[in-house]
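Written out below as structure tokens is the structure these notes cover.
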Amino acid sequence: MTVGGRTMSHASVGLDDDVDERIHTVLIVDDEAMTVSALKHQLRRRYHVLGTTSATEGLAMLAENDVAVVLCDERMPGMQGHEFLAAVSARWPETVRILVTAYADLPALVRAVNHGQIFAYLSKPWNAEELERVVEKAVGVRALMEDKRRVEEELHRTNADLKRVVSKLREFTHAIAHDLQEPLRTVTAYASFLDEELGEQIDPEQRRFLSGISRCSGHMRALIDDLLLFSELERLPVTLATVPMEEVVRQAVALLDAMIQDRGAVIEVNGPLPVVKGDLNRLVLLFQNLLSNGLKFNTSTPPRVVVEPTPAAGGRAAVLVRDNGIGISAEHFDRIFQIFHRLHSKREYPGTGAGLAIARQIVEVHGGALTLTSEVGEGTTFRVELLAAE
Ligand code: ADP
């Protein structure tokens, strides 16, 4: 901002680099006709200059013209300069505002800054060079505002396009997963007809082929089910309620009871756990995935998973899920969240590779974040951050 020839702040930043070939419109509003014509005379070589001695007419000119910069006198009958500039600021925020008034009229300047959010202040009588410099900078600011608006509009359009594409992709994923179910059911049914047909006469090689079909179709069934679950979770909206994390973990542990018994595993809750805003069923599914991974990718005796609270900032609550498993090397941290991406063969560790994609999807629709730290051979810690309940 320029005050009586002094630059007050942001005005000159980066403006010299922009070459703007357009003829911009500058409006002068001053109740003294002499001042209007003097300013017009001085600025008309570079700008399209409009002038008026009436603030009301000035507003009408702004409504009809694309005015880049307005210069306005503070003392005018009817409407004071700062009132006029406040009206301009509210209706045409991209019109850059300059106040012209008698030297050392500090109260006028304060009012214009506070109400009219002016860009610069020129004291009367003005210096010709200074006037040109201030108007040039003001035009530059206007060009920057226009650029910013254009970029924002472009961003909005791109975002809307992206949303449309994502939504089509979701529908497509869902339709594919849905349509694959039927042929898979048929393959499974034919395999079992063949098994019945051959009965006792089946030879070892035929038995091997049939069990191969059965194994593969079982895996395909699991992949399709996970894909359907993933796309369902993306399509259906979540309703957030007040959910105690202890209840979430209790239900997830109950669902994993057989696996826990089977592995002789220990699940420890170092409470109290926070209460969050969430969808209970989805959060149970999230913890079921994290806890079962902690037990599955684990060769320690006993496999142990600890759930405990951890600090979180800004209205959030966080929980750690810490295991003593095989760990994950840092280079895989991003990829393990991609659907069907696995680091091990099915033979080593069973699974489809959808668990963490589902987990992250659940956390993100809750407005939270799912991150991890891990040390190969030491264990992995997932951090689940959600919105805290009030
Ligand atoms: P799945 O469990 O079906 O393989 P996930 O999406 O849950 O699929 O996990 C993707 C991969 O990330 C796993 O195959 C495994 O390699 C790795 N992973 C996930 N959780 C852990 C964990 N707690 N410890 C070690 N590796 C893990």
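What you see below is based on every heavy atom in this structure, not just the backbone, and it leaves out hydrogens, waters and symmetry mates. Just follow the structure's listing: the first ligand is 1, and inside any ligand the first atom is 1.
A distance-only check finds no donor-acceptor pair linking the side chain of E171 to the backbone of K168 [under 3.5 Å].
At a heavy-atom distance under 4.0 Å, only backbone atoms of A354 (N, CA, C or O) approach ligand 1.
At the top of the distance list for atom 12 (O) of ligand 1, counting protein heavy atoms only, stands I336 CG2, 3.3 Å. Here the protein heavy atom with the shortest distance to atom 10 (C) of ligand 1 is H341 O, 3.5 Å. In terms of protein heavy atoms, atom 3 (O) of ligand 1 is closest to G353 N, 2.8 Å. R342 NE, 2.7 Å is the protein heavy atom nearest to atom 4 (O) of ligand 1. Here the protein heavy atom with the shortest distance to atom 13 (C) of ligand 1 is F297 CZ, 3.3 Å.
In this comparison of I328, V376, N293, V321, the heavy atom closest to atom 27 (C) of ligand 1 sits on I328. Among L356, T381, L372, T380, the residue whose heavy atom lies nearest to atom 6 (O) of ligand 1 is L356.
Ligand 1 has T352 within reach: a non-hydrogen atom of the residue lies less than 4.0 Å from it.
Listed by number with element, the atoms of ligand 1 under 4.0 angstrom from any heavy atom of H344 are 16 (O). Those atoms of ligand 1 that come under 4.0 Å of a heavy atom in G351, given as number and element, are 3 (O). Heavy-atom proximity to L343, at under 4.0 Å, picks out these atoms of ligand 1: 14 (O), 16 (O). Listed by atom number, the atoms of ligand 1 under 4.0 Å from K296 heavy atoms are 1 (P), 2 (O), 3 (O).
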In residues 337-345, what donor-acceptor pairs under 3.5 Å come from side-chain atoms, sequence neighbours left out?
residue, atom, partner, partner atom, Å
R342, NH1, H344, O, 3.1
R342, NH1, Y349, O, 3.1
R342, NH2, Y349, O, 2.8
R342, NH2, P350, O, 3.3
S345, OG, R347, N, 3.4
S345, OG, E348, N, 3.2

Can you list, pair by pair, the side-chain donor-acceptor contacts under 3.5 Å of residues 195-206, counting residues two or more places apart and other chains?
residue, atom, partner, partner atom, Å
D203, OD1, E205, N, 3.0
D203, OD1, Q206, N, 2.8
Q206, OE1, D203, N, 3.0

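Rounding to the nearest 0.5 angstrom, the gap separating the CG atom in L255 from the CD atom in Q288 is 4.5 Å.
For G327, no nitrogen or oxygen atom sits less than 3.5 Å from a nitrogen or oxygen atom of ligand 1, counting backbone and side chain alike. Looking at ligand 1, you'll find an N or O of D323 within less than 3.5 Å of one of its N or O atoms.
Test T381, L290, I328 against L372 for side-chain contact (heavy atoms from CB on, under 4.5 Å) and you get one pass: I328. For the pairing with R322, the side-chain contact (heavy atoms from CB on, under 4.5 Å) check across E308, E268, R383 returns one residue only, E308.
Cluster membership for L169 and L227, using ILVMFWY side-chain heavy atoms within less than 4.5 angstrom, is not shared.
With respect to the salt-bridge test (charged N to carboxylate O, under 4.0 angstrom), the residues E94 and K148 do not qualify.
Between the side chains of E32 and T35, at least one donor N or O lies within less than 3.5 Å of an accepting N or O. Side-chain contact check for T352 and D226: at least one donor-acceptor pair (N or O, by modelled atom type) lies under 3.5 Å.
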